*Asks:* 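Have a look at the structure that comes next, please.
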Amino acid sequence: MSEAVVRPGKAVRKSFSSPLGSVFVIAVTVLWTIPTFGLLATSLRPKQDVTDSGWWEVFAHPNLILSNYHTVLFEGGFGVSGGLMPYLVNSLAISIPATVFPLLIAAMAAYALAWVRFRGSDTVFFVIFALQVVPLQMALIPLLQLFSGGAHLGGMTVIPAFDLHGTYAPVWLAHTMFALPLATFLLHNFISQLPRDLMEAAVVDGASHFTIFRAIVLPLCTPALASFAIFEFLWVWNDLLVALTFAGGTPEVAPMTVRLAQLSGSFGGRWELLTAGAFLSLIVPLLVFFGLQRYFVKGLLAGSVKG
């Protein structure tokens with residue numbers, strides 16, 4: 001893309017792209033991709049080849065196999081029984097609800113703060129925004145105590161203990177709480193800039209707030225929703241700290257990140273299996289990103305400018 005800048009006596013052509021810039025971007029992309037390609041190549045090589053030579057030898061001796069993936073998924077192969085498949089299912093069962101819940105709650109909260117004016121609405125919005133400065137690590141232990149023992153004031157029980165052990169609920173709740181401040185802030189900036197005439201016309205036609213939110217706000221906010229969904233899904237899928245705190249390491253609820261951390265710490269010599277498990281953990285986020293990438297840039301810019 002370019003534009004012409006006219007000056008007295010001459011015309012200067014100002015370019016926003018150049019062959020040098022394209023070469024630089026391609027070079028950075030290739031360098032950024034090399035570690036991922038090395039991970040894939042190592043996961044497809046036999047154990048002896050991985051032990052004897054580096055992954056770049058795959059170009060000279062392309063001896064590739066798929067048995068590493070079968071082993072790591074269904075057999076274990078780390079000196080323990082069982083593979084990663086139950087943990088892969090757990091990761092999906094944790095990541096999808098933990099992305100949808102804060103997205104819906106934050107969208108409704110953002111709409112209410114932007115278009116349902118009430119006394120103190122601005123204060124509520126600033127308080128929600130300020131919650132982003134609370135470190136996640138400081139909230140883990142209090143939340144864990146709340147879920148396991150409830151909240152008590154003197155001898156009175158304010159919040160009863162939740163019997164959530166061995167379920168996905170604590171991880172869902174924790175991720176939803178941690179994601180809501182940022183999600184509400186980002187979606188509020190977008191929703192507040194929707195055309196006022198459109199909202200007023202819907203009210204004149206007799207539409208309720210729920211109808212306006214469902215039929216007008218949600219379709220118009222698709223880019224912003226998709227953009228935040230990518231970030232939240234990637235965060236939850238790659239999370240280890242929250243999952244380890246609230247889900248533990250049991251096969252019933254623990255995600256892939258917990259199991260991969262255990263395996264890499266105990267059986268770090270089986271690189272062909274560790275890389276296969278690591279690459280499996282990359283596949284789903286890549287599918288999500290490429291599936292929603294058309295909304296990504298538009299969603300990042302949503303609410304940044306007016307007009």
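Treat the numbers as computed from the prediction; the structure is a model and nothing was measured. In this chain, numbering begins with 1 at the start of the sequence shown.
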*Asks:* Over all heavy atoms of both residues, which pair between T184 and A109 is shortest? Give the atoms and the distance, please.
*Replies:* CG2-CB, 4.2 Å
*Asks:* With heavy-atom distances below 4.5 Å as the criterion, would you say the side chains of L186 and F190 are in contact?
*Replies:* no
*Asks:* Less than 4.5 Å apart, any side-chain heavy atom of L180 and any of I128?
*Replies:* no
*Asks:* Return the minimal non-hydrogen interatomic distance between P102 and A183, and the atom names on each side.
*Replies:* O-CB, 4.5 Å
*Asks:* If hydrophobic clusters are built from ILVMFWY residues whose side chains come within less than 4.5 Å, do F126 and L113 share one?
*Replies:* yes
*Asks:* Could you check whether any side-chain heavy atom of V288 comes within less than 4.5 Å of a side-chain heavy atom of L234, counting everything from C-beta outward?
*Replies:* no
*Asks:* Does F210 have more than 12 heavy atoms from other residues, nucleotides or ligands lying within 6.0 Å of its CZ?
*Replies:* no
*Asks:* Between L173 and L143, does the side chain to side chain contact (heavy atoms under 4.5 Å, CB included) criterion hold? Intermediate values first, please.
*Replies:* CA-CA 10 Å; L173 291 172; L143 273 181; over 6 Å; no
*Asks:* Is any side-chain heavy atom of V58 less than 4.5 Å from a side-chain heavy atom of L44?
*Replies:* no
*Asks:* Taking the side chain from W115 and the backbone from I191, do they hold a donor-acceptor pair closer than 3.5 Å?
*Replies:* yes
*Asks:* Counting distance only, does the side-chain N/O of R45 pair as donor-acceptor with the main-chain N or O of G54 below 3.5 Å?
*Replies:* yes
*Asks:* Within the side chain of S227, is there an N or O that forms a donor-acceptor pair under 3.5 Å with the backbone of P223?
*Replies:* no
*Asks:* Do I141 and V171 belong to the same hydrophobic cluster, where Ile, Leu, Val, Met, Phe, Trp and Tyr are linked whenever their side-chain heavy atoms lie under 4.5 Å apart, directly or via other members?
*Replies:* no
*Asks:* Between T257 (side chain only) and D239 (backbone N and O only), is there a donor and an acceptor less than 3.5 Å apart?
*Replies:* yes
*Asks:* Rounded to the nearest 0.5 Å, how far apart are CZ of F279 and CG of L274?
*Replies:* 15.5 Å
*Asks:* Just how far is it from atom CZ of R259 to atom CG of N90, taken to the nearest 0.5 Å?
*Replies:* 11.5 Å
*Asks:* Give, for atom OG1 of T275 and atom CG of N68, the distance between the pair rounded to the nearest 0.5 Å.
*Replies:* 7.0 Å
*Asks:* Ignoring hydrogens, what is the shortest heavy-atom contact between P255 and S91? Give both atom names and the distance.
*Replies:* CB-OG, 3.3 Å
*Asks:* Is a side-chain N or O of Q145 found less than 3.5 angstrom from the main chain of P142, in a donor-acceptor match?
*Replies:* no
*Asks:* Backbone N or O of L92 within a donor-acceptor pair of the S95 side chain at under 3.5 Å?
*Replies:* no
*Asks:* When hydrophobic residues are tied together by side-chain contacts of less than 4.5 Å, even through go-betweens, does I34 share a cluster with V50?
*Replies:* yes
*Asks:* Treating Ile, Leu, Val, Met, Phe, Trp and Tyr as nodes and any side-chain heavy-atom pair under 4.5 angstrom as an edge, say whether V133 and L182 lie in one connected cluster.
*Replies:* no
*Asks:* Side-chain contact, heavy-atom cut-off 4.5 Å: V258 with L240?
*Replies:* yes
*Asks:* So, for N63 and P46, which heavy atoms are closest and what is the spacing to 0.1 Å?
*Replies:* O-CD, 3.3 Å
*Asks:* Quickly, which of F178, F147, Y168 forms a ring-ring contact (aromatic ring centres under 6.0 Å, His included) with F246? Name it, please.
*Replies:* F147
*Asks:* CG/L241 to CG/L136 distance, rounded to the nearest 0.5 angstrom?
*Replies:* 6.0 Å
*Asks:* Would you compute the distance between atom CG of L187 and atom CG of L103 and round it to the nearest 0.5 angstrom?
*Replies:* 6.5 Å
*Asks:* Where the side chain of T42 meets the backbone of W55, is there a donor-acceptor pair that is under 3.5 Å apart?
*Replies:* no
*Asks:* Please check this pair: side chain of W235 against backbone of T99, looking for a donor-acceptor N/O pair closer than 3.5 Å.
*Replies:* no
*Asks:* Is there side-chain contact between V242 and L140, with heavy atoms separated by less than 4.5 Å?
*Replies:* yes
*Asks:* If we only count heavy atoms from C-beta on, is the Y111 to H209 side-chain gap below 4.5 Å?
*Replies:* yes
*Asks:* Below 4.5 Å, heavy atoms only, C-beta onward: do L280 and V72 meet side chain to side chain?
*Replies:* yes
*Asks:* Would you say S121's side chain and R117's backbone share a donor-acceptor pair under 3.5 angstrom?
*Replies:* no
*Asks:* Please name the pair of heavy atoms, one in E232 and one in A98, separated by the smallest distance, quoted to 0.1 Å.
*Replies:* OE2-O, 3.4 Å
*Asks:* Would you compute the distance between atom CG of L194 and atom SG of C221 and round it to the nearest 0.5 angstrom?
*Replies:* 5.0 Å
*Asks:* In terms of hydrophobic clustering (I, L, V, M, F, W, Y; side-chain heavy atoms under 4.5 Å; direct or indirect links), are L287 and L73 co-clustered?
*Replies:* yes
*Asks:* I need the minimum non-hydrogen distance between W237 and P285, along with the two atoms involved.
*Replies:* CD1-CG, 3.4 Å
